[in-house]
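Just so it is clear, the model here is predicted, and its values are computed rather than measured.
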Amino acid sequence: MGRQSVLAVGAHPDDIELGCGGALAKHVAAGDHVTMLVVTRGEEGPGDPELRIREQLRAVEVLGVHDLLWGQGFGDCRVSL
């Protein structure tokens with residue numbers, strides 16, 4: 001099977017790696033192109049938002065994820081259909 005493109009989407013920093021970090025690491029190891037999309041910066045959640053962003057960047061590095069995208073214009077706890 002050829003390389004796959006994988007997109008993981010989470011609402012806040014750390015949602016993706018806590019939910020499916022192992023699966024993403026496995027995709028990276030298999031040579032697949034992995035992208036994370038984090039919709040908000042998590043500013044309403046616990047902890048300092050700047051620290052959460054730094055932790056997200058570190059998680060991308062540790063997992064070997066190729067691209068990190070941030071949602072634009074979505075406030076934490078304010079995303080609606």
Side-chain angles (χ1 to χ4, degrees):
M1 189 153 122
R3 288 185 177 195
Q4 297 182 36
S5 292
V6 178
L7 172 63
V9 180
H12 314 100
D14 82 14
D15 287 354
I16 298 170
E17 55 272 27
L18 291 175
C20 63
L24 296 181
K26 188 173 180 178
H27 277 287
V28 169
D32 296 337
H33 186 94
V34 177
T35 301
M36 286 179 155
L37 168 60
V38 181
V39 178
T40 74
R41 302 296 197 277
E43 61 272 11
E44 297 293 328
D48 175 40
E50 293 303 318
L51 175 60
R52 294 182 77 188
I53 291 169
R54 287 193 306 273
E55 291 172 342
Q56 182 67 62
L57 295 171
R58 178 68 178 134
V60 165
E61 181 181 323
V62 168
L63 292 171
V65 169
H66 300 96
D67 297 307
L68 172 62
L69 306 174
W70 292 96
Q72 300 296 316
F74 296 107
D76 190 14
C77 298
R78 289 173 181 75
V79 176
S80 63
L81 300 174

**Student:** Is there a donor-acceptor contact under 3.5 Å from the side chain of T40 to the main chain of G75?
**Tutor:**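 No; judged by distance alone, with no hydrogens or angles, the pair does not exist.
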
**Student:** When you compare the side chain of T35 with that of L69, does any pair of heavy atoms fall below 4.5 Å?
**Tutor:**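 The answer is yes, as the side chains (C-beta and beyond) meet within the 4.5 Å cut-off.
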
**Student:** Please walk me through it: do R58 and E55 pass salt bridge (charged side-chain N to carboxylate O under 4.0 Å, His left out)?
**Tutor:** CA-CA 5 Å; R58 178 68 178 134; E55 291 172 342; over 6 Å; no

**Student:** Which heavy atom of L63 sits nearest to which heavy atom of V28, and what is that distance?
**Tutor:**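 Of all heavy-atom pairs spanning L63 and V28, the closest is O-CG2, 3.7 Å.
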
**Student:** Within this structure, what is the CG-CG distance for the pair L68 and L37, rounded to the nearest 0.5 Å?
**Tutor:**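 Result: 8.5 Å between the selected atoms.
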
**Student:** Report the C-alpha distance between R41 and H12 in whole Å, list the side-chain angles of each, state the deciding distance to 0.1 Å, and finish with yes or no for side chain to side chain contact (heavy atoms under 4.5 Å, CB included).
**Tutor:** CA-CA 6 Å; R41 302 296 197 277; H12 314 100; over 6 Å; no

**Student:** Do M36 and Q56 come within less than 4.5 Å of each other through their side chains, counting heavy atoms only?
**Tutor:**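 Heavy-atom side-chain distance check passes, below 4.5 Å.
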
**Student:** Using a 4.5 Å cut-off on heavy atoms from C-beta on, say whether the side chain of E50 contacts that of R54.
**Tutor:**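 Sidechains of E50 and R54: in contact.
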
**Student:** By the definition side chain to side chain donor-acceptor pair (under 3.5 Å), identify the one residue from H27, R3, H66 that meets it with D32.
**Tutor:**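 Option passing the side chain to side chain donor-acceptor pair (under 3.5 Å) with D32: H27.
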
**Student:** Taking a hydrophobic cluster as the set of Ile, Leu, Val, Met, Phe, Trp and Tyr residues connected by side-chain heavy atoms closer than 4.5 Å, whether directly or through intermediates, do V62 and I16 fall within one such cluster?
**Tutor:**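 Not linked; separate clusters.
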
**Student:** Answer yes or no: is there a side-chain heavy-atom contact under 4.5 Å between L24 and E17?
**Tutor:**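 With C-beta onward as the side chain, the pair stays apart.
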
**Student:** Do R52 and E43 come close enough that some side-chain heavy atom pair is under 4.5 Å?
**Tutor:**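 Of all side-chain heavy-atom pairs linking E43 with R52, none is under 4.5 Å.
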
**Student:** So do V38 and D15 actually touch side chain to side chain, heavy atoms under 4.5 Å?
**Tutor:**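 In short, these two side chains do not touch, never coming nearer than 4.5 Å.
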
**Student:** Looking at G42 and P13, what are the two nearest heavy atoms and their distance?
**Tutor:**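 Looking at all heavy atoms of both residues, the closest pair is N-CD, 3.7 Å.
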
**Student:** Any side-chain heavy-atom pair from I53 and W70 closer than 4.5 angstrom?
**Tutor:**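 The answer is yes, as the side chains (C-beta and beyond) meet within the 4.5 Å cut-off.
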
